Amino acid sequence: MKNRIVAILEKALAACRRQGLLTAAEAPVIEVELTKDPAHGDYATNLAMILASREKKNPRLLAGMLSEAIADTEGILERIEIAGPGFMNFSIRTEVWVKELTAVHAQRERYGMMDFGRGKKVQVEFVSANPTGPLHIGHARGAVVGDVLANLLTAAGYAVSREYYINDAGNQMRNLGRSLWYRYREQMGQSVEFPDGCYRGDYMKDLAARVIAADGGAWLASEEEAVITAFTDYAAGAILEGIKQDLQAFGVIFDCYFSERDLYRDNRVGRLLAELQEKGFVYREGETLWFKTTAFGDDKDRVVVRQNGEPTYFAADIAYHANKYQRGFDRVIDVWGADHHGYIPRLYAGIQALDRSPEDLKIVLVQLVNLLRDGKPVAMSTRSGEFVTLREVVDEVGRDAARYNFMMRRSDSHLDFDLELAKKQSNENPVYYVQYAHARICSILRMAQERGYRAPTDGEAALRRLKLSEEIDLIKAVTRFPEVMEGSVKALEPHRLTFYLNDLAALLHSYYNKNKVLSEDQAMSEARLYLVESVRIVLQNALKLLGVSTPERM
RNA sequence: GCGCCCAUGGCUCAGCUGGAUAGAGCGUCGGACUACGAAUCCGGAUGUCGCAGGUUCGAAUCCUGCUGGGCGCGCCA
């Protein structure tokens with residue numbers, strides 16, 4: 001609908017320019033928005049005020065001129081009003097709103113889906129937690145953000161791949177193997193002192209027990225270095241397997257798990273560094289290799305190969321991103337914890353040295369979750385083993401409530417997650433408000449079937465009965481869905497969906513309480529069935545994108 | 001010290017990239033079930049959009065400077 005107004009305005013604008021009524025060199029971008037106040041009609045544009053400054057003319061006069069030039073060939077406009085400093089307010093005819101619903105019914109589960117992605121390959125990389133322990137509640141937020149972003153991009157017509165980067169090549173991995181080694185010895189009856197940096201959670205005890213169950217004390221006889229290497233692989237593999245299962249229970253399924261070790265396997269890191277050195281972005285200082293990130297706006301240059309000859313994490317990350325583009329992704333989205341923000345300029349420098357545009361990389365920052373229990377902060381640390389796992393959250397709060405909760409704030413704002421509150425208040429959780437609206441409609445549909453009522457199939461005649469202001473408001477909300485989708489995808493802001501859903505559910509509940517859908521008047525009932533069914537379709541489509549279920553009964 | 005993010009009713013947060021009288025939820029006060037489901041609805045109260053300037057027809061939104069909070073500044077990952 002918005003686009004139709006824009007199109008009408010474009011024609012009017014062009015007409016005015018042809019007639020020499022407008023003289024400025026370039027035509028402005030036309031912006032049309034939904035009005036907040038019904039007194040301002042349905043849509044409004046500030047076009048005349050934008051023109052006013054360019055043309056040096058009175059905005060209200062310009063608005064009048066544009067209004068004269070408008071040719072409403074489709075007959076969708078009830079009236080145009082000029083208001084305030086020069087707004088043009090458009091009121092859409094009621095029948096036109098009602099007719100919009102036919103698109104919802106025609107497209108059903110495709111309603112709101114778009115194709116502007118044009119099949120371009122996009123990769124969303126998220127979670128990417130080191131396999132040193134189970135995922136905890138902090139990872140859960142990133143998991144949902146990444147997953148829903150991927151859903152949104154898919155819905156916009158992109159070819160999306162979900163990827164998990166496994167940082168399995170650093171010192172942390174070695175610590176993991178060593179931690180298991182100490183636990184193992186402890187359980188074999190030796191007295192051990194755990195060095196700093198060890199992972200001490202219960203899951204390590206379980207792993208040690210599994211090793212003992214399989215091999216007994218056989219490892220005690222082996223040389224320590226060899227044991228640690230073997231234990232590292234074993235622990236990382238087992239933990240990663242657990243992570244995959246936890247993610248699956250949370251409704252998150254990756255297309256690809258990419259191992260950092262693979263980057264070293266055929267010397268991709270080394271070859272990449274050589275290439276960058278050739279291009280002049282890498283220089284040597286003694287044994288150390290530096291990347292000239294300052295050439296791309298970073299504060300200082302960064303080391304890519306240490307004095308001891310080992311490449312840094314950063315070096316591997318450049319190689320990793322080079323690899324992403326080599327795999328044909330036109331656009332790469334990384335979802336990171338906000339504590340990594342200082343790393344952003346570095347990575348942008350990296351991809352630009354590879355001749356990629358900064359446009360090809362988008363980093364979405366997710367603020368860490370502030371975990372509370374009864375209002376008091378809970379300290380979390382993977383190493384000490386004190387944390388609430390993703391699995392526990394899913395089991396206790398439920399998948400739907402957990403996912404919806406994480407989607408209720410912009411990803412870059414802090415999020416308090418109170419465990420007791422989430423559990424205790426599960427019945428008052430906003431997710432149920434939305435799901436209840438869906439279940440309610442399903443209930444009406446069941447009742448309608450019993451009475452032998454059917455929503456009209458093409459139904460334009462029958463739909464003329466929908467003319468209450470609550471009905472038009474509901475239709476407006478329903479048909480706004482594609483616009484919400486588009487904005488949400490383009491801004492990479494999935495939280496907009498939950499706010500929209502809340503609005504839509506509120507209108508539905510309000511309408512339900514005020515007006516009976518099913519009555520003695522069959523034609524009226526059927527028209528209203530058509531309306532609530534369209535609400536249901538949109539609720540379902542949006543909830544599906546969030547990975548939240550749509551119960552027919554609750 | 002330098003950099004990034006944040007500051008909006010009592011609390012938690014939106015505010016569609018500069019629009020008209022700043023909105024929700026929770027909480028609070030008062031109402032609505034012989035009803036298609038009360039996990040719902042209806043109504044009331046609550047604001048110097050951190051402070052001070054600036055940009056313009058117009059600022060919660062953009063710029064500058066303060067104040068207060070979070071995070072980051074490794075040849076860790």
Side-chain angles (χ1 to χ4, degrees), chain A residues 31 33-37 39-40 44-46 49-50 52-53 58-60 83-87 89 130 132 167 169-173 260 285 287-290 298-300 302-314 316-317 337-345 365 367-368 370 375 408-410 412-416 418 421 425-433 435-437 439-448 450-451 480 483-484 486-488 490-491 493 495-496 498-500 502-503 505-506 508-519 525 528-529 532 553-554:
Chain A
E31 284 181 30
E33 59 186 14
L34 278 166
T35 56
K36 290 176 199 159
D37 186 340
H40 299 147
T45 184
N46 60 356
M49 289 180 289
I50 301 289
S53 61
N58 181 313
R60 288 189 66 106
F87 287 105
N89 294 334
N130 296 0
T132 55
N167 298 142
N171 289 330
Q172 294 185 9
M173 283 297 107
E260 185 183 355
E285 211 176 74
E287 292 304 305
T288 310
L289 281 187
W290 291 82
D298 200 3
D299 316 339
K300 52 183 174 183
R302 308 289 172 174
V303 172
V304 281
V305 176
R306 290 179 266 249
Q307 202 160 12
N308 65 9
E310 284 183 27
T312 59
Y313 176 83
F314 175 46
D317 216 15
D339 53 337
H340 289 77
H341 71 259
Y343 191 81
I344 293 173
L365 292 181
Q367 278 290 351
L368 302 186
N370 190 20
M408 284 186 51
R409 276 160 187 72
R410 317 171 48 97
D412 61 352
S413 79
H414 292 272
L415 168 64
D416 289 342
D418 193 307
L421 217 61
Q425 287 198 334
S426 62
N427 277 7
E428 301 167 26
N429 198 299
V431 70
Y432 297 107
Y433 184 78
Q435 287 182 319
Y436 184 51
R440 226 174 193 179
I441 296 168
C442 289
S443 175
I444 296 171
L445 296 174
R446 283 193 295 270
M447 191 70 65
E450 279 175 28
R451 297 197 196 177
R480 191 160 59 94
E483 290 163 27
V484 173
E486 186 175 344
S488 189
K490 289 187 172 165
E493 289 183 354
H495 74 280
R496 292 190 194 183
T498 55
F499 284 89
Y500 168 72
N502 204 61
D503 287 348
L508 185 277
H509 285 311
S510 178
Y511 178 65
Y512 175 93
N513 275 278
K514 194 166 172 189
N515 307 97
K516 303 258 304 177
V517 173
L518 304 177
S519 64
S525 301
R528 288 179 170 174
L529 276 173
V532 297
R553 296 172 208 268
M554 293 173 70

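Computed from a predicted model, the values in this text were never measured in an experiment.
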Are any protein N/O atoms closer than 3.5 Å to N/O atoms in nucleotides 29-34 of chain B? If there are, list each pair with its distance.
none

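- Going from atom OH of Y511(A) over to atom P of rC36(B) covers 16 Å, rounded to whole Å.
- With sequence neighbours excluded, no residue forms a ring-ring contact (aromatic ring centres under 6.0 Å, His included) with H341(A).
- No donor-acceptor contact under 3.5 angstrom links the side chains of D412(A) and Q367(A), judged on distance only.
- Taking the ring-ring contact (aromatic ring centres under 6.0 Å, His included) definition, one finds that Y512(A) meets it with nothing, sequence neighbours left out.
- Counting heavy atoms from C-beta outward, L518(A) and R451(A) have side chains that approach closer than 4.5 Å.
- In this structure, D298(A) reaches neither bases nor backbone, as no heavy-atom distance under 4.0 Å exists between it and the strands shown.
- rC4(B): Watson-Crick or G-U partner is rG70(B), with both key distances under 3.5 Å.
- Within the 4.0 Å cut-off from OP1 or OP2 of rC57(B), not a single side-chain nitrogen or oxygen of R60(A) is found.
- Classified by its glycosidic torsion, rU17(B) falls in the syn category, the angle being within 90° of 0.
- Between rG50(B) and rG44(B), the distance separating the two P atoms is 27 Å to the nearest Å.
- Within 4.0 Å of M447(A), counting heavy atoms only, lie sugar-phosphate atoms of the nucleic acid but no base atom.
- Of all the heavy atoms in A316(A) and E260(A), the pair that sits closest is CB-OE2, 3.8 Å.
- Straight-line distance between the P atoms of rA59(B) and rC42(B): roughly 33 Å, to the nearest whole Å.
- With C1' as the reference atom, rU12(B) and rU21(B) are 25 Å apart, rounded to whole Å.
- For the pair G342(A) and R553(A), both in contact range of RNA chain B, the more 5′-proximal nearest nucleotide belongs to R553(A).
- Taking atom C1' in both rC33(B) and rC41(B), the straight-line distance is 11 Å, to the nearest Å.
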Would you tabulate the nitrogen or oxygen pairs shorter than 3.5 Å linking the protein to nucleotides 75-77 of chain B?
unit_1	atom_1	unit_2	atom_2	d
rC75(B)	O2	Q307(A)	N	2.8
rC75(B)	N3	T288(A)	OG1	3.3
rC75(B)	N4	T288(A)	OG1	3.1
rC76(B)	OP2	R306(A)	NH1	2.9
rA77(B)	OP1	R306(A)	NH1	3.4
rA77(B)	OP1	R306(A)	NH2	2.9
rA77(B)	OP2	R306(A)	NH1	3.3
rA77(B)	OP2	Y313(A)	N	3.3
rA77(B)	O2'	N130(A)	ND2	3.2

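- The glycosidic torsion of rC11(B) lies more than 90° away from 0, which places this base in the anti conformation.
- The base-pairing partner of rG19(B), taking Watson-Crick or G-U wobble contacts with both distances under 3.5 Å, is rC57(B).
- To the nearest 0.5 Å, atoms CZ (F87(A)) and CG (N46(A)) are separated by 6.5 Å.
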Does the salt bridge (Lys or Arg N to Asp or Glu O under 4.0 Å) test come out yes or no for K490(A) and E486(A), once each step is laid out? CA-CA 6 Å; K490(A) 289 187 172 165; E486(A) 186 175 344; 2.7 Å; yes

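- If you check every strand for non-hydrogen atoms under 4.0 Å, S443(A) touches a base.
- Classification of the Y343(A)-Y313(A) ring pair by plane angle, with boundaries at 30° and 60°, yields tilted.
- The interatomic distance linking I444(A) (CD1) with rG37(B) (C1') rounds to 9 Å, in whole Å.
- In this structure, R480(A) does not pair ionically with E483(A), as no charged nitrogen and carboxylate oxygen lie closer than 4.0 Å.
- Atom-to-atom distance recorded for M408(A):CE and S413(A):OG is 11.0 Å, nearest 0.5 angstrom.
- Rounded to whole angstrom, the span from the OH atom of Y436(A) across to the P atom of rA39(B) amounts to 5 Å.
- Partners of Y436(A) according to the ring-ring contact (aromatic ring centres under 6.0 Å, His included) rule, which considers only residues two or more places apart in sequence or in another chain, are H509(A).
- Judged by Watson-Crick or G-U wobble contacts below 3.5 Å, the nucleotide rA52(B) has rU64(B) as its partner.
- Between L365(A) atom CG and rG70(B) atom P there is a gap of 19 Å when expressed in whole angstrom units.
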Where protein sits on nucleotides 11-24 of chain B, one letter per nucleotide: B base, S sugar-phosphate only, - none, heavy atoms under 4.0 Å: -SSSSBB-BBB--S

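- The shortest side-chain heavy-atom distance between I444(A) and L529(A) falls under the 4.5 Å cut-off.
- rA24(B) is paired with rU12(B) under the criterion used here, namely a Watson-Crick or G-U wobble arrangement in which both key atom distances are under 3.5 Å.
- Here rC26(B) presents its P atom at 15 Å from OH of Y432(A), a figure rounded to the nearest Å.
- Contact check for C442(A) versus R446(A): side-chain heavy atoms found under the 4.5 Å cut-off.
- Listed nucleotides: rG3(B), rA35(B), rC41(B). Nearest to the side chain of H341(A): rG3(B).
- Contact between the side-chain N/O atoms of S510(A) and the OP1/OP2 oxygens of rU40(B) is not found at any separation under 4.0 Å.
- Nucleotides rU56(B) and rG15(B) place their P atoms 28 Å apart, quoted to the nearest Å.
- rC5(B) and rC57(B): their P atoms are spaced 29 Å apart (whole Å).
- Look at the P atom in both rG3(B) and rA60(B): the space between them is 27 Å, to the nearest Å.
- Side-chain nitrogen and oxygen atoms of Y433(A) include at least one within less than 4.0 Å of the OP1 or OP2 phosphate oxygen of rC41(B).
- Rounded to whole Å, the separation between the P atoms of rG69(B) and rG27(B) comes to 31 Å.
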